[in-house]
Amino acid sequence: MEKFQAPRGTFDVYPNAAEPWQRSHSWVEIEAEFRKHVALYGYGDIRTPIFEETEVFTRSAGDTSEVVTKQMYTFKDKGDREMTLRPEGTAGYVRAVIDHNLCPPGSTVRLAYFTPIFRYERPQKFRYRQAHQLGVELLGSTSPAADAEVIELTVRFYERLGLKGITVLLNSIGRDECRAAYRDVILKKAESYLKDQEAEDRARMERNPLRLLDSKDPALQQLLSDIPPITNYLEETGKQQFEEVQALLSAAGVAFTLAPQIVRGLDYYTDTVFEVQSNQLGAQASLCGGGRYDDLFKRMGGQQTPAVGMALGVERALGVLQEQELLSEAPKLDLFVVYTEATKAAAFLLTRAMRAEGFACQTDLDSRSLRAQFRLADKSGARLALILGEDEAAKGVVKLRDLASGDEKDVAREAVGDAVRQSLK
RNA sequence: GCGGAUAUAGCUCAGUGGUUAGAGCGCCUCGCUGUGGCCGAGGAGGUCGUGGGUUCAAUUCCCAUUAUCCGCCCCA
(Lines give C-alpha, C1' and ligand atoms only; values in the text may rest on other atoms or scores of the structure.)
Protein backbone atom coordinates (compact mmCIF):
# COMPACT_ATOMS: atom_id res chain seq x y z
CA MET A 1 0.00 0.00 0.00
CA GLU A 2 1.29 3.38 -0.93
CA LYS A 3 2.18 5.49 2.07
CA PHE A 4 0.93 8.98 2.63
CA GLN A 5 3.20 11.90 3.27
CA ALA A 6 2.67 15.52 4.21
CA PRO A 7 1.35 17.46 1.19
CA ARG A 8 3.87 19.17 -1.04
CA GLY A 9 5.27 22.27 0.55
CA THR A 10 4.20 21.35 4.07
CA PHE A 11 6.04 19.69 6.94
CA ASP A 12 5.31 17.97 10.23
CA VAL A 13 6.48 19.26 13.58
CA TYR A 14 7.23 16.58 16.17
CA PRO A 15 9.65 15.78 19.00
CA ASN A 16 13.14 14.84 17.81
CA ALA A 17 12.56 15.72 14.16
CA ALA A 18 15.82 15.46 12.19
CA GLU A 19 15.84 19.22 11.54
CA PRO A 20 16.05 21.00 14.90
CA TRP A 21 13.80 23.80 13.69
CA GLN A 22 11.03 21.26 13.05
CA ARG A 23 11.11 19.93 16.61
CA SER A 24 7.97 20.66 18.53
CA HIS A 25 9.65 22.24 21.52
CA SER A 26 11.23 24.84 19.20
CA TRP A 27 7.74 25.85 18.12
CA VAL A 28 6.32 25.80 21.60
CA GLU A 29 9.16 27.99 22.80
CA ILE A 30 9.12 30.59 20.05
CA GLU A 31 5.39 31.04 20.52
CA ALA A 32 5.80 31.27 24.30
CA GLU A 33 8.56 33.87 23.91
CA PHE A 34 6.40 35.86 21.53
CA ARG A 35 3.44 35.81 23.94
CA LYS A 36 5.68 36.95 26.79
CA HIS A 37 7.24 39.61 24.59
CA VAL A 38 4.04 41.22 23.34
CA ALA A 39 2.56 41.09 26.85
CA LEU A 40 5.28 43.58 27.83
CA TYR A 41 3.75 46.01 25.34
CA GLY A 42 0.16 45.20 26.23
CA TYR A 43 -0.89 43.46 23.03
CA GLY A 44 -3.98 41.22 23.19
CA ASP A 45 -4.29 37.96 21.32
CA ILE A 46 -6.56 37.85 18.27
CA ARG A 47 -7.74 34.67 16.54
CA THR A 48 -10.00 34.69 13.54
CA PRO A 49 -11.09 31.97 11.12
CA ILE A 50 -8.38 30.43 9.03
CA PHE A 51 -10.53 30.97 5.94
CA GLU A 52 -12.50 34.00 4.88
CA GLU A 53 -14.61 35.04 1.95
CA THR A 54 -12.15 35.37 -0.90
CA GLU A 55 -12.95 39.03 -1.31
CA VAL A 56 -11.54 39.84 2.12
CA PHE A 57 -8.13 39.15 0.64
CA THR A 58 -8.61 40.38 -2.91
CA ARG A 59 -9.90 43.71 -1.72
CA SER A 60 -7.24 44.20 0.95
CA ALA A 61 -4.03 42.96 -0.58
CA GLY A 62 -4.91 44.37 -3.97
CA ASP A 63 -5.13 42.86 -7.39
CA THR A 64 -1.57 43.62 -8.41
CA SER A 65 0.00 41.53 -5.69
CA GLU A 66 1.27 38.15 -6.76
CA VAL A 67 0.06 36.67 -3.51
CA VAL A 68 -3.55 37.43 -4.37
CA THR A 69 -3.46 36.87 -8.11
CA LYS A 70 -1.58 33.58 -8.21
CA GLN A 71 -1.01 32.03 -4.85
CA MET A 72 -4.28 31.75 -2.97
CA TYR A 73 -5.84 28.50 -1.82
CA THR A 74 -9.33 29.30 -2.96
CA PHE A 75 -12.28 26.92 -2.92
CA LYS A 76 -16.03 26.88 -3.13
CA ASP A 77 -17.78 25.55 -0.04
CA LYS A 78 -20.89 23.40 -0.20
CA GLY A 79 -23.03 26.51 -0.11
CA ASP A 80 -21.28 27.70 -3.27
CA ARG A 81 -19.42 30.49 -1.46
CA GLU A 82 -15.97 31.57 -2.58
CA MET A 83 -13.61 30.98 0.32
CA THR A 84 -9.85 31.32 0.70
CA LEU A 85 -7.37 30.02 3.25
CA ARG A 86 -5.65 33.07 4.62
CA PRO A 87 -2.51 33.96 2.64
CA GLU A 88 -1.63 36.55 5.29
CA GLY A 89 -3.03 37.72 8.58
CA THR A 90 -3.83 41.40 8.43
CA ALA A 91 -6.89 41.32 6.16
CA GLY A 92 -8.79 38.91 8.37
CA TYR A 93 -7.97 40.81 11.53
CA VAL A 94 -9.05 44.08 9.97
CA ARG A 95 -12.30 42.41 8.93
CA ALA A 96 -12.88 41.28 12.52
CA VAL A 97 -11.99 44.68 13.98
CA ILE A 98 -14.50 46.38 11.68
CA ASP A 99 -17.08 43.67 12.33
CA HIS A 100 -16.97 44.15 16.11
CA ASN A 101 -16.11 47.85 16.09
CA LEU A 102 -13.06 47.06 18.18
CA CYS A 103 -11.34 50.32 17.35
CA PRO A 104 -13.77 53.23 17.50
CA PRO A 105 -12.35 56.63 16.54
CA GLY A 106 -10.00 58.00 19.14
CA SER A 107 -9.06 54.62 20.60
CA THR A 108 -5.87 52.65 20.29
CA VAL A 109 -5.88 48.87 19.99
CA ARG A 110 -2.95 46.49 20.10
CA LEU A 111 -3.38 42.97 18.70
CA ALA A 112 -0.98 40.06 18.37
CA TYR A 113 -1.32 36.76 16.54
CA PHE A 114 0.42 33.51 15.70
CA THR A 115 -1.08 31.71 12.73
CA PRO A 116 -0.50 29.46 9.74
CA ILE A 117 -0.79 31.09 6.32
CA PHE A 118 -1.29 29.42 2.95
CA ARG A 119 0.27 30.32 -0.36
CA TYR A 120 0.35 28.08 -3.38
CA GLU A 121 3.85 28.49 -4.74
CA ARG A 122 6.90 26.46 -5.63
CA PRO A 123 8.30 25.11 -2.38
CA GLN A 124 11.87 25.76 -1.37
CA LYS A 125 13.66 25.54 1.89
CA PHE A 126 11.99 28.06 4.23
CA ARG A 127 9.34 28.77 1.64
CA TYR A 128 6.30 26.61 2.25
CA ARG A 129 2.71 26.33 1.15
CA GLN A 130 1.63 26.27 4.74
CA ALA A 131 3.89 28.68 6.56
CA HIS A 132 3.49 30.38 9.90
CA GLN A 133 3.54 34.02 10.82
CA LEU A 134 3.47 35.78 14.10
CA GLY A 135 2.85 39.47 14.20
CA VAL A 136 1.15 42.49 15.65
CA GLU A 137 -1.29 45.15 14.51
CA LEU A 138 -1.30 48.55 16.23
CA LEU A 139 -4.53 50.34 15.39
CA GLY A 140 -5.80 53.86 15.86
CA SER A 141 -2.71 56.03 15.88
CA THR A 142 -1.21 58.20 13.16
CA SER A 143 1.76 58.96 15.39
CA PRO A 144 5.25 58.07 14.18
CA ALA A 145 5.60 56.65 17.68
CA ALA A 146 3.30 53.82 16.56
CA ASP A 147 5.53 52.99 13.59
CA ALA A 148 8.55 53.09 15.86
CA GLU A 149 6.88 50.93 18.51
CA VAL A 150 6.13 48.16 16.03
CA ILE A 151 9.61 48.22 14.54
CA GLU A 152 11.27 48.30 17.92
CA LEU A 153 9.04 45.50 19.21
CA THR A 154 10.14 43.43 16.22
CA VAL A 155 13.82 44.05 16.73
CA ARG A 156 13.59 43.41 20.45
CA PHE A 157 11.85 40.13 19.74
CA TYR A 158 14.75 38.94 17.59
CA GLU A 159 17.08 40.08 20.36
CA ARG A 160 15.06 38.12 22.90
CA LEU A 161 15.52 35.02 20.75
CA GLY A 162 19.24 35.73 20.64
CA LEU A 163 19.20 35.92 16.86
CA LYS A 164 22.08 37.89 15.38
CA GLY A 165 23.07 39.50 12.12
CA ILE A 166 19.76 40.99 11.05
CA THR A 167 19.28 44.23 9.14
CA VAL A 168 16.25 46.48 9.38
CA LEU A 169 15.50 48.07 6.02
CA LEU A 170 13.32 51.15 6.21
CA ASN A 171 11.49 53.17 3.61
CA SER A 172 8.44 55.34 3.13
CA ILE A 173 6.26 54.95 0.07
CA GLY A 174 4.03 57.93 0.90
CA ARG A 175 0.40 58.38 -0.04
CA ASP A 176 -1.53 58.07 -3.29
CA GLU A 177 -0.64 61.54 -4.57
CA CYS A 178 3.11 61.26 -4.21
CA ARG A 179 3.09 57.69 -5.40
CA ALA A 180 1.24 58.65 -8.59
CA ALA A 181 3.92 61.18 -9.44
CA TYR A 182 6.69 58.74 -8.64
CA ARG A 183 5.08 56.02 -10.73
CA ASP A 184 5.41 58.14 -13.81
CA VAL A 185 9.07 58.71 -13.06
CA ILE A 186 9.70 54.98 -12.83
CA LEU A 187 7.65 54.11 -15.88
CA LYS A 188 9.50 56.62 -18.01
CA LYS A 189 12.87 55.28 -16.86
CA ALA A 190 11.88 51.69 -17.38
CA GLU A 191 10.10 52.17 -20.69
CA SER A 192 12.65 50.37 -22.81
CA TYR A 193 12.72 47.45 -20.40
CA LEU A 194 8.95 47.09 -20.19
CA LYS A 195 8.67 46.91 -23.98
CA ASP A 196 10.48 43.57 -23.93
CA GLN A 197 8.34 41.94 -21.24
CA GLU A 198 5.56 39.42 -21.71
CA ALA A 199 2.19 41.17 -21.91
CA GLU A 200 0.98 39.76 -18.60
CA ASP A 201 4.13 40.70 -16.72
CA ARG A 202 4.15 44.12 -18.26
CA ALA A 203 0.55 44.80 -17.28
CA ARG A 204 1.33 43.83 -13.70
CA MET A 205 4.43 45.98 -13.62
CA GLU A 206 2.60 48.95 -15.05
CA ARG A 207 -0.15 48.66 -12.48
CA ASN A 208 2.35 48.77 -9.66
CA PRO A 209 5.64 50.21 -10.94
CA LEU A 210 7.00 50.50 -7.40
CA ARG A 211 7.53 46.77 -7.51
CA LEU A 212 10.13 47.32 -10.24
CA LEU A 213 12.40 48.95 -7.68
CA ASP A 214 13.32 45.75 -5.89
CA SER A 215 13.75 43.70 -9.06
CA LYS A 216 16.90 41.61 -9.17
CA ASP A 217 17.18 41.90 -12.93
CA PRO A 218 20.53 43.63 -13.54
CA ALA A 219 19.32 45.28 -16.73
CA LEU A 220 16.43 46.88 -14.90
CA GLN A 221 18.55 47.79 -11.91
CA GLN A 222 20.95 49.53 -14.27
CA LEU A 223 18.13 51.54 -15.83
CA LEU A 224 16.78 52.57 -12.45
CA SER A 225 20.14 53.09 -10.76
CA ASP A 226 20.11 56.88 -10.91
CA ILE A 227 16.46 57.32 -10.03
CA PRO A 228 15.94 59.58 -7.00
CA PRO A 229 14.48 57.81 -3.95
CA ILE A 230 10.73 57.93 -3.46
CA THR A 231 11.28 59.79 -0.23
CA ASN A 232 12.23 62.83 -2.34
CA TYR A 233 8.64 62.88 -3.54
CA LEU A 234 6.97 62.68 -0.15
CA GLU A 235 4.68 65.53 0.69
CA GLU A 236 5.65 67.73 3.62
CA THR A 237 3.78 65.93 6.39
CA GLY A 238 4.86 62.54 5.09
CA LYS A 239 8.44 63.67 5.04
CA GLN A 240 8.24 64.97 8.60
CA GLN A 241 6.58 61.82 9.85
CA PHE A 242 9.20 59.63 8.24
CA GLU A 243 11.98 61.69 9.80
CA GLU A 244 10.26 61.43 13.16
CA VAL A 245 10.09 57.63 12.85
CA GLN A 246 13.83 57.56 12.18
CA ALA A 247 14.55 59.90 15.08
CA LEU A 248 12.51 57.73 17.46
CA LEU A 249 14.26 54.58 16.32
CA SER A 250 17.66 56.19 16.72
CA ALA A 251 16.71 57.40 20.18
CA ALA A 252 15.66 53.84 21.04
CA GLY A 253 18.97 52.51 19.84
CA VAL A 254 17.39 50.54 16.99
CA ALA A 255 19.75 50.35 14.02
CA PHE A 256 18.20 50.61 10.56
CA THR A 257 19.21 51.19 6.96
CA LEU A 258 17.28 53.41 4.59
CA ALA A 259 16.34 51.26 1.62
CA PRO A 260 14.44 52.98 -1.20
CA GLN A 261 13.97 49.66 -2.98
CA ILE A 262 11.76 48.23 -0.21
CA VAL A 263 8.16 48.56 -1.39
CA ARG A 264 6.47 45.40 -0.01
CA GLY A 265 4.40 42.86 -1.87
CA LEU A 266 0.95 43.74 -0.58
CA ASP A 267 -0.77 46.77 -1.97
CA TYR A 268 -2.31 48.17 1.19
CA TYR A 269 0.75 49.85 2.62
CA THR A 270 1.12 53.63 2.94
CA ASP A 271 4.03 55.68 4.23
CA THR A 272 6.36 53.65 6.44
CA VAL A 273 7.35 50.20 5.20
CA PHE A 274 10.08 48.00 6.58
CA GLU A 275 11.63 44.62 6.20
CA VAL A 276 14.03 42.59 8.33
CA GLN A 277 16.60 40.61 6.42
CA SER A 278 19.27 38.06 7.17
CA ASN A 279 21.90 36.67 4.84
CA GLN A 280 21.75 33.17 6.30
CA LEU A 281 18.91 31.53 4.40
CA GLY A 282 20.03 31.94 0.79
CA ALA A 283 17.25 33.34 -1.38
CA GLN A 284 14.93 33.43 1.63
CA ALA A 285 16.56 36.50 3.12
CA SER A 286 13.37 38.24 4.10
CA LEU A 287 12.53 37.40 7.70
CA CYS A 288 9.84 39.89 8.52
CA GLY A 289 7.89 42.65 6.86
CA GLY A 290 5.53 45.36 7.87
CA GLY A 291 4.46 48.94 7.66
CA ARG A 292 1.65 51.42 7.92
CA TYR A 293 -1.71 50.87 6.26
CA ASP A 294 -3.88 53.90 6.95
CA ASP A 295 -6.26 53.33 4.03
CA LEU A 296 -7.01 49.65 4.49
CA PHE A 297 -9.93 49.99 6.91
CA LYS A 298 -11.79 52.25 4.52
CA ARG A 299 -11.05 49.93 1.64
CA MET A 300 -12.53 47.10 3.70
CA GLY A 301 -15.71 49.04 4.35
CA GLY A 302 -14.83 50.41 7.78
CA GLN A 303 -14.14 53.83 9.17
CA GLN A 304 -10.87 55.54 8.43
CA THR A 305 -8.51 53.93 10.97
CA PRO A 306 -4.78 54.50 10.95
CA ALA A 307 -2.77 51.34 11.57
CA VAL A 308 0.68 49.83 11.47
CA GLY A 309 1.67 46.19 11.68
CA MET A 310 4.26 43.55 11.04
CA ALA A 311 4.33 39.88 10.15
CA LEU A 312 7.29 37.70 11.01
CA GLY A 313 8.10 34.37 9.37
CA VAL A 314 8.31 31.70 12.04
CA GLU A 315 10.06 29.08 9.89
CA ARG A 316 12.70 31.58 8.86
CA ALA A 317 13.27 32.81 12.40
CA LEU A 318 13.74 29.21 13.55
CA GLY A 319 15.91 28.53 10.50
CA VAL A 320 18.29 31.34 11.34
CA LEU A 321 18.35 30.27 14.98
CA GLN A 322 19.30 26.79 13.81
CA GLU A 323 22.04 28.19 11.55
CA GLN A 324 23.41 30.05 14.55
CA GLU A 325 23.01 26.99 16.79
CA LEU A 326 20.76 28.88 19.14
CA LEU A 327 17.87 26.43 19.29
CA SER A 328 17.57 24.91 22.74
CA GLU A 329 17.31 21.26 23.67
CA ALA A 330 13.95 19.72 24.41
CA PRO A 331 12.99 20.04 28.07
CA LYS A 332 14.07 17.09 30.21
CA LEU A 333 12.31 15.15 32.92
CA ASP A 334 13.16 15.80 36.54
CA LEU A 335 12.58 12.24 37.65
CA PHE A 336 12.25 8.70 36.42
CA VAL A 337 10.66 6.12 38.70
CA VAL A 338 12.12 2.62 38.52
CA TYR A 339 10.35 -0.43 39.99
CA THR A 340 10.25 -4.22 40.10
CA GLU A 341 7.20 -6.21 39.13
CA ALA A 342 5.94 -6.55 42.70
CA THR A 343 6.02 -2.81 43.32
CA LYS A 344 4.59 -1.64 40.02
CA ALA A 345 1.34 -0.32 41.52
CA ALA A 346 3.22 1.53 44.26
CA ALA A 347 5.56 3.01 41.66
CA PHE A 348 2.60 4.35 39.70
CA LEU A 349 1.29 5.95 42.88
CA LEU A 350 4.70 7.47 43.56
CA THR A 351 4.89 8.83 40.01
CA ARG A 352 1.50 10.43 40.39
CA ALA A 353 2.51 11.95 43.74
CA MET A 354 5.67 13.43 42.25
CA ARG A 355 3.69 15.06 39.44
CA ALA A 356 1.33 16.47 42.04
CA GLU A 357 4.39 18.05 43.66
CA GLY A 358 5.20 19.69 40.36
CA PHE A 359 8.02 17.46 39.12
CA ALA A 360 8.19 16.25 35.53
CA CYS A 361 8.10 12.55 36.12
CA GLN A 362 7.75 9.35 34.13
CA THR A 363 7.86 5.63 34.70
CA ASP A 364 8.01 2.54 32.49
CA LEU A 365 4.62 1.28 31.38
CA ASP A 366 5.72 -2.21 30.43
CA SER A 367 7.50 -3.78 33.42
CA ARG A 368 10.81 -3.88 31.60
CA SER A 369 13.97 -5.19 33.25
CA LEU A 370 15.63 -2.90 35.71
CA ARG A 371 18.41 -2.38 33.23
CA ALA A 372 16.03 -1.40 30.49
CA GLN A 373 14.29 0.99 32.87
CA PHE A 374 17.57 2.68 33.69
CA ARG A 375 18.30 3.01 30.01
CA LEU A 376 14.95 4.71 29.58
CA ALA A 377 15.76 6.97 32.51
CA ASP A 378 19.10 7.84 30.96
CA LYS A 379 17.60 8.58 27.57
CA SER A 380 14.86 10.69 29.07
CA GLY A 381 17.53 13.03 30.38
CA ALA A 382 16.06 12.88 33.88
CA ARG A 383 18.38 14.23 36.57
CA LEU A 384 17.21 11.74 39.17
CA ALA A 385 15.89 8.22 39.40
CA LEU A 386 13.61 7.10 42.20
CA ILE A 387 13.95 3.40 42.83
CA LEU A 388 11.05 1.63 44.47
CA GLY A 389 11.69 -2.10 44.51
CA GLU A 390 10.85 -4.84 46.96
CA ASP A 391 13.77 -3.95 49.24
CA GLU A 392 12.74 -0.32 49.46
CA ALA A 393 9.06 -1.18 49.86
CA ALA A 394 9.91 -3.46 52.79
CA LYS A 395 11.84 -0.64 54.48
CA GLY A 396 9.25 2.02 53.68
CA VAL A 397 11.80 4.07 51.72
CA VAL A 398 12.58 5.16 48.20
CA LYS A 399 16.09 5.10 46.83
CA LEU A 400 17.07 8.38 45.21
CA ARG A 401 19.80 8.11 42.61
CA ASP A 402 21.57 11.05 41.02
CA LEU A 403 21.96 9.85 37.46
CA ALA A 404 24.96 12.01 36.70
CA SER A 405 27.08 11.11 39.73
CA GLY A 406 25.60 7.71 40.59
CA ASP A 407 25.18 8.71 44.25
CA GLU A 408 22.33 6.93 45.98
CA LYS A 409 20.58 7.34 49.28
CA ASP A 410 17.47 6.00 50.96
CA VAL A 411 14.75 8.52 51.68
CA ALA A 412 11.66 7.99 53.79
CA ARG A 413 8.49 7.87 51.66
CA GLU A 414 7.04 10.99 53.31
CA ALA A 415 10.22 12.98 52.68
CA VAL A 416 10.69 12.17 49.00
CA GLY A 417 9.28 15.45 47.71
CA ASP A 418 11.64 17.55 49.81
CA ALA A 419 14.62 15.35 49.03
CA VAL A 420 13.93 15.66 45.30
CA ARG A 421 13.53 19.40 45.55
CA GLN A 422 16.85 19.55 47.37
CA SER A 423 18.64 17.40 44.79
CA LEU A 424 17.29 19.34 41.83
CA LYS A 425 18.66 22.64 43.09
C1' G B 1 5.03 29.38 -13.57
C1' C B 2 10.61 28.49 -15.62
C1' G B 3 15.66 26.07 -15.18
C1' G B 4 19.02 22.46 -12.68
C1' A B 5 20.28 18.43 -9.13
C1' U B 6 18.70 14.41 -6.13
C1' A B 7 15.52 9.98 -4.31
C1' U B 8 18.85 3.04 -1.21
C1' A B 9 17.23 1.05 6.71
C1' G B 10 14.11 5.60 11.68
C1' C B 11 18.60 9.36 10.46
C1' U B 12 23.30 10.45 7.48
C1' C B 13 25.11 8.12 3.31
C1' A B 14 28.15 3.99 0.46
C1' G B 15 27.36 0.42 -3.65
C1' U B 16 26.34 -2.95 -8.07
C1' G B 17 23.21 -5.07 -15.20
C1' G B 18 23.76 -11.36 -12.22
C1' U B 19 22.36 -15.77 -5.91
C1' U B 20 21.15 -13.69 0.67
C1' A B 21 22.02 -4.80 -0.96
C1' G B 22 25.95 -2.54 2.98
C1' A B 23 28.33 1.12 6.83
C1' G B 24 27.95 4.68 10.81
C1' C B 25 24.36 6.59 14.16
C1' G B 26 19.70 5.23 16.45
C1' C B 27 16.49 0.99 18.21
C1' C B 28 15.94 -4.08 20.76
C1' U B 29 18.27 -8.36 23.47
C1' C B 30 22.32 -10.34 26.12
C1' G B 31 27.27 -10.12 28.83
C1' C B 32 25.45 -7.56 34.30
C1' U B 33 19.25 -13.04 37.74
C1' G B 34 18.19 -4.98 41.48
C1' U B 35 21.25 -0.21 38.34
C1' G B 36 21.84 3.73 32.90
C1' G B 37 26.14 6.15 30.26
C1' C B 38 31.61 3.22 28.21
C1' C B 39 32.89 -1.54 26.04
C1' G B 40 31.80 -6.34 23.64
C1' A B 41 28.40 -10.00 21.20
C1' G B 42 23.87 -10.82 18.79
C1' G B 43 19.15 -9.08 16.58
C1' A B 44 15.02 -6.35 14.28
C1' G B 45 14.36 -3.04 10.40
C1' G B 46 14.59 -2.26 2.84
C1' U B 47 8.84 -4.43 -2.50
C1' C B 48 16.59 0.42 -3.46
C1' G B 49 10.28 6.91 -4.23
C1' U B 50 6.16 5.16 -7.74
C1' G B 51 4.59 3.41 -12.72
C1' G B 52 6.09 1.76 -17.38
C1' G B 53 9.99 0.28 -21.01
C1' U B 54 14.81 -2.19 -22.74
C1' U B 55 17.05 -7.00 -21.26
C1' C B 56 17.63 -14.05 -20.24
C1' A B 57 18.11 -10.78 -15.83
C1' A B 58 16.97 -3.79 -13.56
C1' U B 59 18.00 -1.07 -7.16
C1' U B 60 21.65 -0.16 -11.41
C1' C B 61 20.14 1.69 -18.27
C1' C B 62 15.79 4.62 -20.68
C1' C B 63 10.97 7.28 -20.24
C1' A B 64 7.14 9.20 -17.30
C1' U B 65 5.38 10.57 -12.57
C1' U B 66 5.67 12.18 -7.49
C1' A B 67 8.56 14.30 -3.68
C1' U B 68 12.85 16.93 -1.80
C1' C B 69 16.88 20.44 -2.48
C1' C B 70 19.14 24.75 -5.29
C1' G B 71 18.46 29.07 -8.59
C1' C B 72 14.68 32.44 -11.04
C1' C B 73 10.03 34.50 -9.71
C1' C B 74 7.47 35.79 -5.34
C1' C B 75 7.77 36.62 -0.45
C1' A B 76 7.54 35.16 5.59
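Just so we're on the same page: letters track the sequence lines, and every chain starts at 1. Just so you know, these numbers use all the heavy atoms, side chains as well, and skip hydrogens, waters and symmetry mates.
Applying the 3.5 Å distance criterion, the base of B/A76 shares a donor-acceptor pair with the side chain of A/Glu121. Side-chain to base pairing of A/Arg127 with B/A76: no donor and acceptor N or O lie closer than 3.5 Å to each other.
Side chains of A/Ser141 and A/Thr108: no donor on one and acceptor on the other come within 3.5 Å. Residues A/Gln71 and A/Glu121 have side chains that bring a donor and an acceptor to within less than 3.5 angstrom of each other. A/Gln373 and A/Tyr339 are not linked by any side-chain donor-acceptor pair at a separation below 3.5 angstrom, with hydrogens and angles left out of the test.
With sequence neighbours left out, A/Ile98 forms a side chain to side chain contact (heavy atoms under 4.5 Å, CB included) with A/Val94, A/Phe297, A/Met300. By the side chain to side chain contact (heavy atoms under 4.5 Å, CB included) test, A/Gln246 pairs with A/Leu170, A/Phe242, A/Phe256, A/Leu258, sequence neighbours left out.
Across the C1' atoms, B/A14 and B/U54 are found 27 Å apart, a figure rounded to whole Å. The same atom, P, is picked in B/G22 and in B/C48; the two are 14 Å apart, to the nearest Å. One C1' atom belongs to B/C30, the other to B/G49, and the distance between them is 37 Å to the nearest Å.
In this structure, A/Arg129 forms a cation-pi arrangement with A/Tyr120, its terminal cationic atom sitting closer than 6.0 Å to the ring centre and no more than 45° off the ring axis.
Ring centroids of A/Tyr41 and A/His37 are separated by less than 6.0 Å, placing the two rings close together. Between A/Trp21 and A/Phe11, the gap from one ring centroid to the other is short of 6.0 Å.
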Could you run down the sub-3.5 Å N/O contacts of the protein with nucleotides 67-69 of chain B?
{"from": "B/A67", "atom 1": "O2'", "to": "A/Gln5", "atom 2": "OE1", "distance (Å)": "3.4"}
{"from": "B/U68", "atom 1": "OP1", "to": "A/Gly9", "atom 2": "N", "distance (Å)": "2.9"}
{"from": "B/U68", "atom 1": "OP2", "to": "A/Arg8", "atom 2": "NH1", "distance (Å)": "2.7"}

Between the protein and nucleotides 36-39 of chain B, list every N/O to N/O distance that falls short of 3.5 Å.
{"from": "B/G36", "atom 1": "O2'", "to": "A/Asp378", "atom 2": "OD2", "distance (Å)": "3.4"}
{"from": "B/G36", "atom 1": "N7", "to": "A/Arg401", "atom 2": "NH2", "distance (Å)": "3.0"}
{"from": "B/G36", "atom 1": "O6", "to": "A/Arg401", "atom 2": "NE", "distance (Å)": "3.3"}
{"from": "B/G36", "atom 1": "O6", "to": "A/Arg401", "atom 2": "NH2", "distance (Å)": "2.7"}
{"from": "B/G36", "atom 1": "O6", "to": "A/Leu403", "atom 2": "O", "distance (Å)": "3.4"}
{"from": "B/G36", "atom 1": "N1", "to": "A/Leu403", "atom 2": "O", "distance (Å)": "2.1"}
{"from": "B/G36", "atom 1": "N2", "to": "A/Asp378", "atom 2": "OD1", "distance (Å)": "3.0"}
{"from": "B/G36", "atom 1": "N2", "to": "A/Leu403", "atom 2": "O", "distance (Å)": "2.6"}
{"from": "B/G36", "atom 1": "N3", "to": "A/Asp378", "atom 2": "OD1", "distance (Å)": "3.4"}
{"from": "B/G37", "atom 1": "O4'", "to": "A/Asp378", "atom 2": "OD2", "distance (Å)": "3.1"}
{"from": "B/G37", "atom 1": "N2", "to": "A/Leu403", "atom 2": "O", "distance (Å)": "3.4"}
{"from": "B/G37", "atom 1": "N2", "to": "A/Ala404", "atom 2": "O", "distance (Å)": "3.2"}

Close N or O pairs between protein and nucleotides 40-42 of chain B (under 3.5 Å):
none

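In terms of heavy atoms, A/Leu139 sits closest to A/Cys103 at CB-SG, 3.8 Å.
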For this session: Dot-bracket notation for RNA chain B is requested: 5' to 3', Watson-Crick or G-U wobble pairs only, both distances under 3.5 Å, with ( ), [ ], | and . as defined.
Result: (((((((..((((....[...)))).(((((.......))))).....(((((..]....))))))))))))....

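If you check every strand for non-hydrogen atoms under 4.0 Å, A/Leu312 touches nothing. A/Ile387 comes within contact range of at least one nucleobase, with a heavy-atom separation under 4.0 Å. Within the nucleic acid shown, A/Arg119 comes within 4.0 Å of at least one base atom, counting heavy atoms only. Within 4.0 Å (heavy atoms only), A/Ala377 reaches no atom of the nucleic acid at all.
Residue order along RNA chain B, read from the 5' end via each residue's closest nucleotide, puts A/Arg368 first among A/Val276 and A/Arg368.
Of the possible polar contacts, one joining the A/Arg86 side chain to the A/Thr48 backbone as a donor-acceptor pair under 3.5 Å is found.
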Please tabulate, one pair per line, all N/O donor-acceptor pairs under 3.5 Å involving side-chain atoms of residues 384-397 of chain A, not counting sequence neighbours.
{"from": "A/Glu390", "atom 1": "OE1", "to": "A/Thr340", "atom 2": "OG1", "distance (Å)": "2.6"}
{"from": "A/Glu392", "atom 1": "OE1", "to": "A/Gly389", "atom 2": "N", "distance (Å)": "2.8"}
{"from": "A/Lys395", "atom 1": "NZ", "to": "A/Asp410", "atom 2": "OD2", "distance (Å)": "3.1"}

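Taking 4.0 Å as the cut-off between side-chain N and carboxylate O, A/Asp378 and A/Arg375 do not count as a salt-bridged pair.
For the pair A/Tyr14 OH and B/G10 P, the computed distance is 12 Å after rounding to whole Å. Atom P of nucleotide B/G34 and atom CD of A/Glu341 are separated by 12 Å, given to the nearest angstrom.
Legend: salt bridge (charged side-chain N to carboxylate O under 4.0 Å, His left out) pairs involving residues 22-34 of chain A, not counting sequence neighbours, sorted by first then second residue: A/Glu31-A/Arg35, A/Glu33-A/Lys36, A/Glu33-A/Arg160. For residues 305-316 of chain A, there are no salt bridge (charged side-chain N to carboxylate O under 4.0 Å, His left out) pairs, not counting sequence neighbours. The salt bridge (charged side-chain N to carboxylate O under 4.0 Å, His left out) pairs that include a residue from residues 270-297 of chain A are A/Asp147-A/Arg292, A/Arg175-A/Asp271, A/Arg175-A/Asp294, A/Arg264-A/Glu275, A/Arg292-A/Asp294, where partners are two or more places apart or lie in different chains. For residues 349-366 of chain A, the pairs satisfying side chain to side chain donor-acceptor pair (under 3.5 Å) are A/Glu357-A/Arg421, A/Asp364-A/Arg368, A/Asp366-A/Arg368, with sequence neighbours left out.
Within residues 388-399 of chain A, the residues having any heavy atom closer than 4.0 Å to RNA chain B are, in order of number, A/Gly389, A/Glu390, A/Asp391, A/Glu392, A/Lys399.
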